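Data block below; observations after.
Just so you know, these numbers come straight off a predicted model, no measurement behind them. Counting convention: from 1, in listed order, for ligands and their atoms alike.
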Amino acid sequence: MGNNDCNEGLLVLINRVAAARGLLRRFGIDALLFTDLKDIRYQCGFTGSEGLLLVGAGETFLLTDSRYTTQAREETSGCDVIEFREKKAALASLAADMGFQSLGFQDQQVTVSFYNELLETMPGVRFIPLGAAPALQRIIKDSREIKSLEKVAGIASESFLEVLRTVRPGDTERDVSIRLEFALRTAGADDKAFEFIVASGVRGALPHGRATTKTIRSGELVTIDFGALLDGYNSDETVTIAIGEPDGKQRLIYQVVKDAHDQALDAIRPGAAFRDIDAVARDYIARQGFGDFFGHGLGHGVGLDVHEKPVVSFRSEEVVREGMVFTIEPGIYLPGWGGVRIEDMVVATTDGCRVLSRVPKGLMVL
Ligand code: ZN
Ligand code: ZN
């Protein structure tokens, strides 16, 4: 990374903390307490697995344990790194030193027991729930994030295409899953993004069917939902393939899902409501007679988390804005028969969207 990249990266973090400070006024509080590790990484660059970030009007503190203090000082700048032995006690004494009497906290992230312990340890402090506000800060990706997401999506897609050439009837779902994980780790991914779904034949009716020891047979459709993790960013893509020549019903259902997927992609533009984009795909599937067999939402945001804002469904309150990265993943699941899902990851642009995942979505027959 060159010096310019470093400076640019630092500027990004400074801007994020400044944006977070906007919440102090909005909620009328003295400081923000970040407990979610992805949000902490987003705000200050710290990648360890234990820590609290406390953001006041003029200062930022990262509290972590002795395993991470050196790393934290290297990864962050502009924040005081404080080593703790007992997390809540350290937070309580810091808040007392700083005179913080009200703290915004991530009520959608902390456990009830952690919250109760905070109340007990810090009886003089008011805890104000921030709701979705911290998560919403991550909803629009900057150009560096989009680059990271495009890169990780590319690694996953290329790995998938490589593994696809080896898939044969007689392989188990698990065989395919393991080969895919090996391929994307070999291609440079830090990890898989989640437990892959490999659902063949009738198991395709399970939208979240984990790979089992079931043998893949000729005449089956196989739904493979996979993703990679690189530098903290995730990818998410689903491909449904045919093993051997598909029959008429398999072709028909595949085409309905593909058309729904394509129409939804065409409907993406800044200002469009996600609820309406969901309806484009959902109404089309219903008109083709499969309305009862597409139960889940159309998609979700992807970034530091595999599932994050925006919500892309009939329940969504959000509209598309340039720089949002999310999935479009319609599916039809027929109990006792099987299923089809097609998922791409896209970034919203000034006049539409750009697809970040790379596997072509025409029906591939092996
Ligand atoms: Zn997926
Ligand atoms: Zn997804």
Side-chain angles (χ1 to χ4, degrees), residues 38 135 138-139 141 145-146 148-150 152-161 163-164 173 176-177 180-181 183-184 189 191-200 203-211 221-230 232-241 254 257-258 260-262 264-265 268 274 277-278 281-282 285 294-316 318 320 324-333 338-348 353-361 364:
K38 305 290 172 60
R138 284 164 36 192
I139 200 167
K141 274 59 182 178
E145 294 185 283
I146 292 168
S148 298
L149 286 159
E150 184 154 30
V152 68
I155 286 175
S157 298
E158 297 304 326
S159 303
F160 176 86
L161 289 169
V163 167
L164 200 59
E173 295 172 346
V176 175
S177 175
L180 184 52
E181 181 174 351
L184 57 83
D191 203 349
K192 57 187 172 185
F194 50 85
E195 204 62 52
F196 300 151
I197 290 162
V198 182
S200 60
R203 293 195 69 253
L206 308 168
H208 272 199
R210 296 258 160 90
L221 296 178
V222 186
T223 299
I224 304 168
D225 190 341
F226 59 98
L229 174 73
L230 180 65
Y233 285 86
N234 295 281
S235 75
D236 188 9
E237 179 171 11
T238 305
V239 182
T240 301
I241 56 171
Y254 190 91
V257 175
K258 173 71 164 56
H261 161 274
D262 292 353
L265 289 188
I268 298 168
F274 283 109
I277 296 169
D278 180 277
R282 195 168 305 282
I285 287 172
F294 173 32
H296 58 75
L298 184 62
H300 53 85
V302 189
L304 292 170
D305 282 306
V306 180
H307 293 101
E308 58 178 48
K309 298 281 180 186
V311 175
V312 185
S313 85
F314 40 87
R315 283 185 293 265
S316 181
E318 287 133 359
V320 176
M324 287 181 171
V325 173
F326 51 92
T327 67
I328 294 293
E329 50 181 306
I332 293 177
Y333 312 94
V340 171
R341 179 168 65 258
I342 300 173
E343 174 179 29
D344 272 320
M345 200 166 110
V346 307
V347 56
C353 73
R354 191 157 59 80
V355 179
L356 300 177
S357 33
R358 303 253 185 85
V359 179
K361 294 305 188 296
M364 287 187 278

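The closest approach of E329 to the Zn ion (ligand 2), by N/O/S atoms, is made by OE2. Nearest N, O or S atom of D225 to the Zn ion (ligand 1): atom OD1. Taking the N/O/S atoms of D236 in turn, the shortest distance to the Zn ion (ligand 1) belongs to OD1.
E195 and R210 are not joined by a salt bridge, as no carboxylate oxygen comes within less than 4.0 angstrom of a charged side-chain nitrogen. A salt bridge links E173 with R203: the distance from a Lys NZ or Arg NE/NH1/NH2 to an Asp or Glu carboxylate oxygen falls below 4.0 Å.
With the Zn ion (ligand 2) at the apex, E343 OE2 and H300 NE2 define an angle of roughly 120° (rounded to 10 degrees).
Each of E158, E237, E150 was scored for a salt bridge (charged side-chain N to carboxylate O under 4.0 Å, His left out) with R358, with one residue passing: E158.
Residues Y333 and H296 place their aromatic rings such that the two centres sit under 6.0 Å apart.
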